[in-house]
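Along the sequence shown, residues carry numbers from 1.
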Amino acid sequence: MTARPVLGIIACNRIVGVETAQAVMNRYAIAAMQYADCAALIIPSLPDYMRAQEVVGRLDGVLLTGTPSNVEPTRYGDAEPGEGPFDPDRDRMMIELVGAVIAAQRPLFGICRGFQEINVALGGTLRRDTSASAQLLLHHAPRRVRFRCDVRPSPPGRSGRGRAAGGGL
């Protein structure tokens, strides 16, 4: 049996009861394992206890997920305090991960905050007022929205572009 690729998925620091826990939403882990046909490991956002370089060489790629927390504005040069919640340990681990993944020439994937993190880690900035105007995109989905995946992988040798875009290919 051929071993499947292993995808590292960054964890968030979440309060569970009275303790802080490392957490990844199931929708990200399940989608990655199902549609990429890979195994997955959670990368703790505990930069005081591990370095990204220690794990990246053991992984075939890294996924930076979405999460309710925001990147701290100081990470991209904004002096304003910004609107939380923030996850400073995830921010620190993410900066290390992006650098280590690029140095190791491994695939790096981002979803929502993950895209923002890649941008910030590479020296970019963020616009924090996206929810302030009806003309701009809302930052988070409304609480009543249920998440589901409408994109399915295509059979080998057949493009799924039309299907993903709503066409009938």
Side-chain angles (χ1 to χ4, degrees), residues 5-16 18-32 35-36 38 40-145 147 149 151 164:
V6 178
L7 180 69
I9 304 175
I10 194 169
C12 301
N13 289 285
R14 300 267 178 102
I15 301 298
V16 177
V18 296
E19 293 187 66
T20 302
Q22 299 299 300
V24 171
M25 300 304 287
N26 278 352
R27 70 176 175 261
Y28 298 126
I30 291 169
Y35 295 112
C38 66
L41 294 174
I42 296 173
I43 302 170
S45 289
L46 297 170
D48 290 336
Y49 300 97
M50 65 178 278
R51 306 268 52 100
Q53 295 83 351
E54 294 176 293
V55 297
V56 166
R58 302 173 191 185
L59 302 171
D60 296 297
V62 170
L63 172 61
L64 305 176
T65 64
T67 181
S69 67
N70 295 314
V71 177
E72 288 184 306
T74 56
R75 300 271 175 207
Y76 51 90
D78 193 331
E80 296 296 318
E83 184 178 326
F86 300 111
D87 188 343
D89 283 342
R90 176 174 163 145
D91 290 349
R92 288 176 47 212
M93 181 56 72
M94 167 278 299
I95 294 283
E96 284 189 28
L97 272 172
V98 171
V101 169
I102 291 171
Q105 298 184 338
R106 299 279 202 279
L108 177 62
F109 305 96
I111 299 171
C112 195
R113 176 187 159 131
F115 285 127
Q116 296 172 29
E117 290 173 325
I118 294 167
N119 176 54
V120 169
L122 297 176
T125 62
L126 298 177
R127 182 172 177 171
R128 292 187 288 125
D129 65 346
T130 60
S131 297
S133 166
Q135 296 173 330
L136 300 172
L137 295 173
L138 293 175
H139 180 75
H140 293 287
R143 291 195 185 277
R144 68 184 177 280
V145 170
F147 291 95
C149 184
V151 178

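- For the pair Ile10/Met94, a side-chain contact is recorded, criterion being any heavy-atom separation below 4.5 Å from C-beta on.
- The shortest heavy-atom contact between Val16 and Ala21 is CG2-CB, 3.7 Å.
- Side-chain atoms of Asn70 come within 3.5 Å of backbone N or O of Glu83 as a donor-acceptor pair.
- Residues Cys38 and Pro5 approach most closely at CB-O, 3.2 Å, considering heavy atoms.
- Taking both residues in full, the closest heavy atoms of Val24 and Ala11 are given as CG2-CA, 3.8 Å, listed atom of the first, atom of the second, then distance.
- Listed here is the closest heavy atom pair of Arg58 and Glu54: NE-O, 3.4 Å.
- The CG atom of Asp78 sits 12.5 Å away from the CZ atom of Arg127 when rounded to the nearest 0.5 Å.
- Between Val98 and Leu64, some side-chain heavy-atom pair lies under the 4.5 Å cut-off.
- Here the shortest heavy-atom pairing between Leu7 and Ala32 reads CD2-CB, 3.6 Å.
- No donor-acceptor pair closer than 3.5 Å links the side chain of Arg75 to the backbone N or O of Asp91.
- Side chain of Asp89 to backbone of Leu46: no donor-acceptor contact under 3.5 angstrom is found.
- The two residues Glu80 and Pro73 come nearest to each other via the heavy atoms O-CB, 3.4 Å.
- Met25 places none of its side-chain heavy atoms less than 4.5 Å from the side chain of Thr65.
- Separating the CD atom in Gln116 from the CD1 atom in Ile111 is a distance of 12.5 Å, to the nearest 0.5 Å.
- Here CG of Leu63 is found 11.0 Å from CG of Leu97. Values are rounded to the nearest 0.5 Å.
- Without hydrogens or angle criteria, Glu96 side chain to Ala52 main chain gives a donor-acceptor distance under 3.5 Å.
- Checking Glu117, Arg14, Arg90, Arg113 one by one against Thr67, the side chain to side chain donor-acceptor pair (under 3.5 Å) holds for a single residue, Arg14.
- For Arg106 (side chain) and Ile102 (main-chain N/O), no donor-acceptor pair under 3.5 Å exists by modelled atom type.
- Going from atom CD1 of Ile95 over to atom CD1 of Ile118 covers 11.0 Å, rounded to the nearest 0.5 Å.
- From Ile30, atom CD1 reaches atom OH of Tyr35 across 10.0 Å, with rounding to the nearest 0.5 Å.
- Remark: the backbone N or O of Val71 is not paired with any side-chain donor or acceptor of Asp87 at under 3.5 angstrom.
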### Task
I would like to know whether Leu41 and Val55 meet side-chain contact (heavy atoms from CB on, under 4.5 Å); could you show each step before the answer?
CA-CA 10 Å; Leu41 294 174; Val55 297; over 6 Å; no
